[in-house]
Colleague: 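Encoded as structure tokens, here's the structure I'll be asking about.
Note on naming: letters A, B, ... go to the chains in the order of the sequence lines (proteins, then strands), and numbering restarts at 1 for each one.
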There are 2 protein chains.
Amino acid sequence: MLDEYGLPDLTMRRLALTLNVQPSALYWHFENKQTLLAAVSDRIVRGTRVVHHGETDWASAVRIEAEALRNALLSFRDGAEVVLSSQALGLGAGEALARLTAAIHLGDFDERVERAAAAAFLHFLLGHVSHEQQRIQADSLGVVISSQGAKPSDVDTEARRERDSFDFGVSLLIAGLAVQSEVAR
Amino acid sequence: MLDEYGLPDLTMRRLALTLNVQPSALYWHFENKQTLLAAVSDRIVRGTRVVHHGETDWASAVRIEAEALRNALLSFRDGAEVVLSSQALGLGAGEALARLTAAIHLGDFDERVERAAAAAFLHFLLGHVSHEQQRIQADSLGVVISSQGAKPSDVDTEARRERDSFDFGVSLLIAGLAVQSEVAR
DNA sequence: ACCTGAACACCGTTCAAGT
DNA sequence: ACCTGAACACCGTTCAAGT
């Protein structure tokens, strides 16, 4: 349904219709829409399992995990916004945070540093991908935002640019964390 | 209205009621709710003007700007979420991005680096503060989320912790960007 | 230029009652 | 255990018509 209609049209009533059921029936299975969306977030995040990395360093582990999470979010329409909206309520992104924290933990930092860094990674990640997906959607609707002189810029080079700026952001945070580790010892 | 009711209850109908006007009247002034919220975002972001920093280095400039933006967002209930929701539509956060970019520009980086870094700062900033405000709201409703053994932890130390983890995130990004500048030359 | 009145096509959620 | 029927209290938006 998400892929077909997008988040704004993922309503309880439409979901019930798809399931050939009355809207009220959904409330036997989920307390409300928020918890339902949290469950959807979980499924989205768990989508991409990371290849069990042997004994790589923490930086590569974080990079791999970030990439995997980005792919998981990108694999559903509005994926990032779904997770963003349900973590805004304190639900749904726990799994993602745990995975990032585990990767960082390989670097053996102070525990509070690890928590704060994982949160920073997650904030960047969700923000960036939701921005990406908003662009994807706008493009698919043929909406032209780019002002003056910018060529149609084929989808491929556009996708590369997005990936590059994502990697750049991840690199910034990793480099910052690396400096932090040198300060610590 | 935002401070009194919060974003979820900031509806066109309630706004009209507050203004002693019919809901349809609002549509003469704004094309739709999205553009109205974008205007609200603008006001929130412009709230805190930065003290004209003389000739500090780019790192302090960025730190000051980030702090100012955080304060602007915190000064309205659900401020971060308002901006987040309207920048998800490509509107509303332009001013914030411009200010961060200007501060970073003092460091004289590659233009693409500056853009990507400013975006990274903004994503972290909005994500962090919206998380903060969600916590504030939960606390004010007396909702206890913290599991087991965590003391009630007075509001003051809680606020300090939030500020610290915000500063930490900003520091991560700044340190990462500093490394980037060394690579460049 | 700015607003009203009335309508359209929806929402999420509750709750008694059914099977 | 799981669902229906019916209702409640709302939404955003449009558009002819008024002043």
Side-chain angles (χ1 to χ4, degrees), chain A residues 1-44 76-79 81-93 130 133-134 137-138 141-143 145, chain B residues 1-44 76-79 81-93 130 133-134 137-138 141-143 145:
Chain A
M1 280 196 64
L2 208 51
D3 281 340
E4 205 161 338
Y5 300 112
L7 179 57
D9 287 341
L10 180 46
T11 69
M12 297 300 267
R13 296 183 107 102
R14 207 189 274 266
L15 174 57
L17 206 69
T18 303
L19 297 173
N20 288 315
V21 129
Q22 295 294 322
S24 49
L26 302 175
Y27 290 83
W28 195 90
H29 301 277
F30 294 92
E31 200 180 331
N32 49 39
K33 190 178 181 180
Q34 286 173 21
T35 54
L36 190 150
L37 282 180
V40 174
S41 297
D42 254 37
R43 292 276 280 252
I44 293 174
F76 289 94
R77 162 127 83 123
D78 294 342
E81 266 205 291
V82 171
V83 176
L84 207 53
S85 78
S86 62
Q87 78 128 23
L89 303 152
L91 311 164
S130 89
Q133 289 184 314
Q134 161 211 347
Q137 183 114 347
L141 293 176
V143 180
I145 302 180
Chain B
M1 282 195 64
L2 208 50
D3 280 340
E4 205 161 335
Y5 301 112
L7 179 57
D9 287 341
L10 180 45
T11 69
M12 297 300 268
R13 296 182 106 101
R14 206 190 273 268
L15 174 56
L17 205 71
T18 304
L19 297 172
N20 286 316
V21 126
Q22 295 294 322
S24 48
L26 302 176
Y27 289 83
W28 194 92
H29 301 277
F30 293 93
E31 200 180 331
N32 48 40
K33 191 178 182 181
Q34 287 174 18
T35 53
L36 190 150
L37 282 180
V40 174
S41 296
D42 254 38
R43 292 276 280 253
I44 294 175
F76 289 93
R77 161 128 82 123
D78 295 342
E81 267 205 291
V82 172
V83 176
L84 206 54
S85 77
S86 63
Q87 78 127 26
L89 303 153
L91 312 164
S130 89
Q133 289 184 313
Q134 161 211 346
Q137 182 113 347
L141 293 176
V143 180
I145 302 181

Colleague: Check whether any side-chain N or O of B:H29 sits under 4.0 Å from OP1 or OP2 of C:dC3, and answer yes or no.
Modeller: yes
Colleague: What is the distance from OH of B:Y27 to C1' of D:dC15, rounded to the nearest Å?
Modeller: 13 Å
Colleague: Using the C1' atoms only, state how far C:dC8 lies from D:dC11, rounded to an integer number of Å.
Modeller: 12 Å
Colleague: Hey, where does DNA chain D pair up into stems, meaning at least three consecutive Watson-Crick or G-U pairs with distances under 3.5 Å?
Modeller: C:4-8 with D:12-16, C:12-16 with D:4-8
Colleague: Specify the separation, in whole Å, of atom CG of B:L17 and atom C1' of D:dC10.
Modeller: 13 Å
Colleague: Closest approach to the side chain of B:R13, judged atom by atom: which nucleotide of C:dA7, C:dT14, C:dG12 is it?
Modeller: C:dA7
Colleague: Measure from NZ on A:K33 to P on C:dT13 and round the result to the nearest Å.
Modeller: 8 Å
Colleague: Using the P atom on both, measure C:dA9 against D:dC10 and round to a whole Å.
Modeller: 22 Å
Colleague: Near DNA chain D, under 4.0 Å by heavy atom, which residues of residues 4-11 of chain A?
Modeller: none
Colleague: In whole Å, what is the span from the CD atom of B:E31 to the C1' atom of D:dG12?
Modeller: 14 Å
Colleague: Verify the contact: side-chain N or O of A:Q22 to OP1 or OP2 of D:dC3, cut-off strictly under 4.0 Å; return yes or no.
Modeller: no
Colleague: Can you confirm whether A:R14 sits close enough to A:M1 that some side-chain heavy atom of one is under 4.5 Å from a side-chain heavy atom of the other?
Modeller: yes
Colleague: Could you go through nucleotides 17-19 of chain C and list every protein N or O atom that sits under 3.5 Å from one of its N or O atoms, giving the distance for each pair?
Modeller:
none

